Each structure stands twice: as C-alpha cells, then as structure tokens.
Amino acid sequence: HVQLVESGGGSVQTGGSLRPSCALSLNPTSDYCLAWFRQAPGKEREAVAGFGTDDSTYYTSSVKGRFTTWRDNAENILYLEMNSLKPADTATYYCAGAPYRYSGSWFLFNLGSEAPYWGQGTQVTVS
C-alpha cells in the first residue's frame, strides 16, 4: 500500500526557514522517484524539486539556491529544507512519487502532475 504523508509546514516571517517532510510508505523506496510540488490559492500546481532514484536532485528556478531536498533512507523520509522564504512561497506543499527509476529532473519534465501517488499536503505561509 503506497502512502505519502507530509508534515512540518507552518507560518514564518520573510527570510525564515521551514523543513517540511514526507513519510514514505513505498516498497521498495529505492524504486520510486520523488518530487515536491506546491499550489497557491487560485494558481495551478507547480513543480518545486525532484529527487531521483539515483539520488540526483533538480530545482526549479524559483527555489534554486534556497531549497534543498534529500531522502533519509534509514527513516524513509523525504525532506525539503526551505531557507530565505518569501511571501511568494506561500502555498500548500505536496510530495509525489512514481514507481520509475529515473532522475529528479525526469520526474518534473516528463511526469509532473501526472505522478500516480500524492500526499495530502502541508501548508506553508510566509508573511
């Protein structure tokens, strides 16, 4: 049973940091490429970062240099470290997974919102 559960969102001031996480129930985790997306009210869902089965990462231009994603293999958790947060980062953040052994960039450019597995989302508010 595939399950992705996000947590760790919250409210911070501009310039602050948050570290949402996504608990992964995948079998096996190593066979799934992963990604983070976000959706602000009234806007379309957009890609944020991808994490490949080869441990490669890819970040969209809006977050590159400020966000970092990695997977804790021992705990089966995907993290998204978000620094230098801006009001424009306010959104619900979702993790997504797909049972393909590809890179993080492949996930974002070839699969995107068509990913089969999604978490419920965690709210991030920057004021």
Side-chain angles (χ1 to χ4, degrees):
H1 177 65
V2 175
Q3 191 173 23
L4 307 172
V5 180
E6 299 98 332
S7 61
S11 297
V12 295
Q13 293 187 333
T14 298
S17 299
L18 284 172
R19 184 186 290 182
S21 60
C22 178
L24 309 169
S25 296
L26 307 170
N27 189 24
T29 301
S30 59
D31 282 355
Y32 285 73
C33 52
L34 304 164
W36 290 96
F37 292 78
R38 67 186 181 186
Q39 188 167 20
K43 295 187 177 181
E44 292 187 357
R45 186 173 295 183
E46 64 171 343
V48 174
F51 187 90
T53 53
D54 57 356
D55 290 351
S56 64
T57 55
Y58 183 89
Y59 302 94
T60 57
S61 59
S62 60
V63 306
K64 192 172 184 179
R66 300 188 298 123
F67 291 11
T68 304
T69 189
W70 73 96
R71 184 182 64 208
D72 183 320
N73 292 322
E75 298 293 332
N76 279 342
I77 297 176
L78 183 71
Y79 290 99
L80 182 68
E81 177 76 27
M82 306 190 299
N83 298 317
S84 302
L85 283 163
K86 309 172 183 178
D89 295 316
T90 295
T92 300
Y93 283 71
Y94 300 89
C95 65
Y100 306 115
R101 296 182 62 84
Y102 283 115
S103 68
S105 59
W106 179 91
F107 190 123
L108 299 187
F109 289 108
N110 293 279
L111 200 59
S113 295
E114 300 300 315
Y117 302 112
W118 294 85
Q120 84 287 354
T122 185
Q123 178 66 37
V124 170
T125 303
V126 185
S127 60

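Source: prediction; values computed, not measured. The figures that follow rest on heavy atoms only: side chains count, while hydrogens, waters and symmetry mates do not.
- Between Thr90 and Ala40, the shortest heavy-atom contact is O-CB, 3.6 Å.
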- request: Could you go through the side chain to side chain contact (heavy atoms under 4.5 Å, CB included) check for Thr68 and Asn83 one step at a time?
  value: CA-CA 9 Å; Thr68 304; Asn83 298 317; 5.7 Å; no
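- Atoms OG and CD, from Ser11 and Gln13 in turn, are 10.5 Å apart once rounded to the nearest 0.5 Å.
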Stepwise side chain to side chain contact (heavy atoms under 4.5 Å, CB included) test for Arg38 and Val124: CA-CA 9 Å; Arg38 67 186 181 186; Val124 170; over 6 Å; no
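- In this structure, Phe67 and Tyr93 have tilted ring planes: the angle between them lies in the 30° to 60° band.
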message: If you apply the rule side chain to side chain contact (heavy atoms under 4.5 Å, CB included), what do you find for Thr14 with Val126, and how did you get there?
response: CA-CA 6 Å; Thr14 298; Val126 185; 4.1 Å; yes
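- Under the 4.5 Å side-chain heavy-atom criterion for grouping Ile, Leu, Val, Met, Phe, Trp and Tyr, Ile77 is not connected to Tyr94 through any hydrophobic cluster.
- Atoms CG and CD, on Leu26 and Gln3 in that order, are 10.0 Å from each other to the nearest 0.5 Å.
- Considering only heavy atoms from C-beta on, Tyr32 comes within 4.5 Å of Val2 through its side chain.
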- prompt: Could you go step by step and tell me if Arg45 and Trp118 meet the side chain to side chain contact (heavy atoms under 4.5 Å, CB included) rule?
  reply: CA-CA 12 Å; Arg45 186 173 295 183; Trp118 294 85; 3.1 Å; yes
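- Heavy-atom minimum distance, Glu81 versus Ser17: OE2-CB, 4.4 Å.
- With rounding to the nearest 0.5 angstrom, the CD atom of Glu46 is 5.0 Å from the OG atom of Ser62.
- Linking Ile, Leu, Val, Met, Phe, Trp and Tyr residues whenever their side-chain heavy atoms come within less than 4.5 Å places Leu34 and Val63 in a single cluster.
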task: Determine, step by step, whether Ser7 and Thr122 satisfy the side-chain hydrogen bond (donor to acceptor under 3.5 Å, both in side chains) criterion, reporting the C-alpha distance in whole Å, the side-chain angles of both residues, the deciding distance to 0.1 Å, and the verdict.
output: CA-CA 6 Å; Ser7 61; Thr122 185; over 6 Å; no
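- For the pair Val12/Met82, no side-chain contact is recorded, criterion being any heavy-atom separation below 4.5 Å from C-beta on.
- The CH2 atom of Trp106 sits 11.5 Å away from atom OG of Ser56, with the distance rounded to the nearest 0.5 Å.
- Heavy-atom minimum distance, Ala98 versus Leu111: CB-CD2, 3.2 Å.
- Using cut-offs of 30° and 60° for the angle between ring planes, the Phe37 and Phe107 rings count as tilted.
- A donor-acceptor pair is defined here as one N or O able to donate and one able to accept, closer than 3.5 Å; no such pair exists between the side chain of Arg101 and the backbone of Thr53.
- Side-chain heavy atoms closer than 4.5 Å link hydrophobic residues (I, L, V, M, F, W, Y) into clusters, and following such links, even through other members, never connects Tyr59 to Leu108.
- No side-chain heavy atom of Glu6 sits under 4.5 Å from any side-chain heavy atom of Pro20.
- Ring geometry for Tyr100 against Tyr102 counts as tilted: the plane angle lies between 30° and 60°, on a 0 to 90° scale.
- The shortest non-hydrogen separation linking Tyr117 to Pro99 is CE1-CD, 4.0 Å.
- Rounded to the nearest 0.5 angstrom, Ser30 OG and Asp55 CG are separated by 10.0 Å.
- For the atom pair OG1 of Thr69 and CZ of Arg19, the computed distance is 11.0 Å after rounding to the nearest 0.5 Å.
- If you chain together hydrophobic residues whose side chains sit under 4.5 Å apart, Tyr79 and Leu4 never meet in one group.
- Tracing side-chain contacts under 4.5 Å through hydrophobic residues (I, L, V, M, F, W, Y), one never reaches Leu80 starting from Trp70; they form parts of separate clusters.
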